[in-house]
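Worksheet for the structure shown next.
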Amino acid sequence: MGRGDLSDSEWMQLEPHLPMNAGRGGRWKDHRQVINGILFRIRTGILWRDIPRRFGSWQTCYDRHRRWSADGTWERLFRVVQADADAERHIDWSMVSVDSTVCRAHQHAVGARKQAPRKSGRRARPAEHRPDEALGRSRGGLTAKIHLAGEGGRRPLAMLLTPGQWGDAPQMIPVLERIRVPRPTGGRPRSRPDHVSGDKAYSSRRNRRYLRRRQIKHTIPERRDQRAHRRRRGSNGGRPTGFDRARYARRNEVERLINRLRMNRAVATRFDKRAYVFHGTVTTAALRLWLYG
C-alpha cells in the first residue's frame, strides 16, 4: 500500500456502497486500484496521463472520476460516510462555520465547449453542471470559489462552487441548504446545526432572518457601515446584533479545514474544465477527510 492509498479499514467502509456490475457491457476494473489512482492525482495535481502504472490505465481513472462526478456517486459516498460518522456521534453539531476560498484556474481549466455536457449514455445533464462552469475573472485572473460549511471537527458538511468574483453573503443560505446528513435508522436527514458562525462578509439582514426563522443561533459580527447605518436610524434601526467572542474564536476550525482541503493540489489549483468534474474533485478530497477521521 502506497502513501495516501486507502487503508483496509477505509476500504471496508466504502466497498459496500460502490457501484456494482449490472447489465450488459464490460465489467468494472478493480475499484480500489482506480480510487487510489484518483486520490493520487487529486493529492499531487499531476496530469491524468502521468498517473503511475501501478494504478492501471490513466484513461480508466479519468473516465471513472468523470462518470462518478456526473451521476452523483462521489456525492452519495460523501453522504454515506457522514451518516456513519453521525451514527457514532462523531459530528460536532455545536458549531458549524461557513467560509470560502478562491482557487486559481490553471490554463488547462479554460476552454470548455459551449455545448452542455451529458451523462454517459443518457440525455440528462450532470447534477452539478453550471452554464458559467464556475469560472470568473477577478484580480488574480480566472478563478473559482469554493463555499463550504464545516463542522466543529474540521470536516466539511456541504460545498458549493461559484465563479471567483461572486460574493460570500448571497451563498450562505444555499450552502446551509445543502447540509443533509442521512440517518441510518430512517427518517428525515439532519440539516439544522445548533449554532452557525461566519465572518463579516456574511452579515446581512437576509441571512439573519433565515437563521432566526430556522431557530438557529448564530455568531456573525456586524460590519462597521451596517452598525453606523443602524445607529443613524435611531429606534427604527432595530436592536444591536448579539455577538459572542468566545464562540467566534472557533472560526479557526473552518479556516483549518480549508487548509486541509487545499493540501490537495488539484483543489488548490483548478485543472478541470467542467464545473461538475471539479465539484467531484472537491467532493472526493472532502470524502478523504471523513475517512481519515
Side-chain angles (χ1 to χ4, degrees), residues 42 45 74-75 78 82 92 95-106 109 128 130 132-180 191 193 195-208 210-211 216 218-223 226 247-272 274-290:
I42 293 175
W74 287 128
E75 188 73 22
F78 180 64
Q82 284 184 333
D92 185 358
M95 173 65 77
V96 170
S97 301
V98 291
D99 207 346
S100 67
T101 180
V102 174
C103 305
R104 181 68 182 270
H106 192 269
E128 297 297 333
R130 295 180 58 100
D132 56 15
E133 297 296 350
L135 273 178
R137 190 173 295 278
S138 57
R139 291 183 180 180
L142 288 173
T143 54
K145 182 177 284 189
I146 304 173
H147 305 265
L148 56 86
E151 51 98 31
R154 303 186 304 281
R155 292 172 298 186
L157 290 172
M159 294 153 294
L160 175 67
L161 295 183
T162 65
Q165 78 277 12
W166 284 28
D168 289 348
Q171 308 307 319
M172 179 177 178
I173 296 177
V175 169
L176 293 178
E177 291 287 345
R178 285 176 171 243
I179 300 178
R180 299 185 64 82
S191 60
H195 204 101
V196 168
S197 173
D199 58 20
K200 292 182 180 180
Y202 296 96
S203 178
S204 71
R205 290 186 176 182
R206 178 171 175 263
N207 289 340
R208 297 183 192 276
Y210 169 81
L211 294 172
I216 301 175
H218 58 277
T219 300
I220 303 176
E222 191 177 25
R223 295 208 315 262
Q226 294 175 345
R247 283 188 176 272
Y248 188 69
R250 293 187 59 184
R251 277 204 68 256
N252 72 87
E253 295 167 354
V254 70
E255 294 169 355
R256 292 157 67 188
L257 164 60
I258 290 174
N259 287 337
R260 295 179 70 190
L261 272 179
R262 291 178 67 92
M263 289 178 66
N264 298 280
R265 295 192 174 189
V267 174
T269 302
R270 173 176 170 176
F271 300 101
D272 303 310
R274 293 294 191 180
Y276 78 92
V277 179
F278 184 56
H279 185 274
T281 298
V282 178
T283 304
T284 307
L287 171 66
R288 195 71 173 103
L289 294 182
W290 282 97

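If you read the sequence from its start, that first residue is 1, and numbering goes on from there. Note that the structure is a prediction, hence the values are computed from the model and not measured.
Tyr210 is linked by a ring pair (Phe, Tyr, Trp, His ring centres under 6.0 Å) to nothing, counting only residues two or more places apart in sequence or in another chain. Looking at residues two or more places apart in sequence or on another chain, you find a side chain to side chain contact (heavy atoms under 4.5 Å, CB included) between Arg180 and Pro189.
Once rounded to the nearest 0.5 Å, the distance linking CD1 of Ile42 with CG of Asn264 reads 7.0 Å. Atom CD of residue Glu133 and atom CG of residue Leu161 lie 10.5 Å apart, to the nearest 0.5 angstrom. Note that CD of Glu177 and OG of Ser191 are 7.5 Å apart. Values are rounded to the nearest 0.5 Å. A distance of 8.5 Å separates CZ of Arg223 from OG of Ser204, quoted to the nearest 0.5 Å.
In this structure, the side chains of Ile216 and Pro193 come closer than 4.5 Å at one or more pairs of heavy atoms. In this structure the side chain of Thr101 never reaches within 4.5 angstrom of the side chain of Val267, judged on heavy atoms. Thr283 has its side chain within reach of His279: a pair of non-hydrogen atoms, C-beta onward, lies under 4.5 Å apart. Arg104 places none of its side-chain heavy atoms less than 4.5 Å from the side chain of Arg270. For the pair Pro163 and Asp132, the minimum side-chain heavy-atom distance is below 4.5 Å. No side-chain heavy atom of Val98 sits under 4.5 Å from any side-chain heavy atom of Val254. The shortest distance between side-chain heavy atoms of Ile220 and Met172 falls below 4.5 Å. Side-chain contact check for Ser197 versus Val96: every heavy-atom pair is 4.5 Å or farther apart.
Without hydrogens or angle criteria, Arg260 side chain to Arg154 main chain gives a donor-acceptor distance under 3.5 Å. The closest donor-acceptor contact from the side chain of Thr281 to the backbone of Val277 lies under 3.5 Å.
Between His106 and Phe271, the two ring planes are tilted [angle within 30° to 60°].
If you check the side chains of His195 and Thr219, you find a donor sitting under 3.5 Å from an acceptor. Between the side chains of Arg250 and Ser97, no donor-acceptor pair of N or O atoms lies under 3.5 Å. Side-chain N/O atoms of Arg137 and Thr143 include no donor and acceptor closer than 3.5 Å.
The pair Asp272-Arg274 does not count as a salt bridge, with every side-chain nitrogen at least 4.0 angstrom from each carboxylate oxygen.
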Show me the donor-acceptor pairs within less than 3.5 Å that the side chains of residues 144-152 make with the rest of the protein, sequence neighbours left out.
{"residue": "Lys145", "atom": "NZ", "partner": "Trp166", "partner atom": "O", "Å": "2.8"}
{"residue": "Lys145", "atom": "NZ", "partner": "Asp168", "partner atom": "OD1", "Å": "3.2"}
{"residue": "His147", "atom": "NE2", "partner": "Thr162", "partner atom": "OG1", "Å": "2.8"}
{"residue": "Glu151", "atom": "OE1", "partner": "Asp92", "partner atom": "N", "Å": "2.8"}
{"residue": "Glu151", "atom": "OE1", "partner": "Gly153", "partner atom": "N", "Å": "3.0"}
{"residue": "Glu151", "atom": "OE2", "partner": "Gly153", "partner atom": "N", "Å": "3.1"}
{"residue": "Glu151", "atom": "OE2", "partner": "Arg155", "partner atom": "N", "Å": "3.4"}
{"residue": "Glu151", "atom": "OE2", "partner": "Arg155", "partner atom": "NE", "Å": "3.1"}

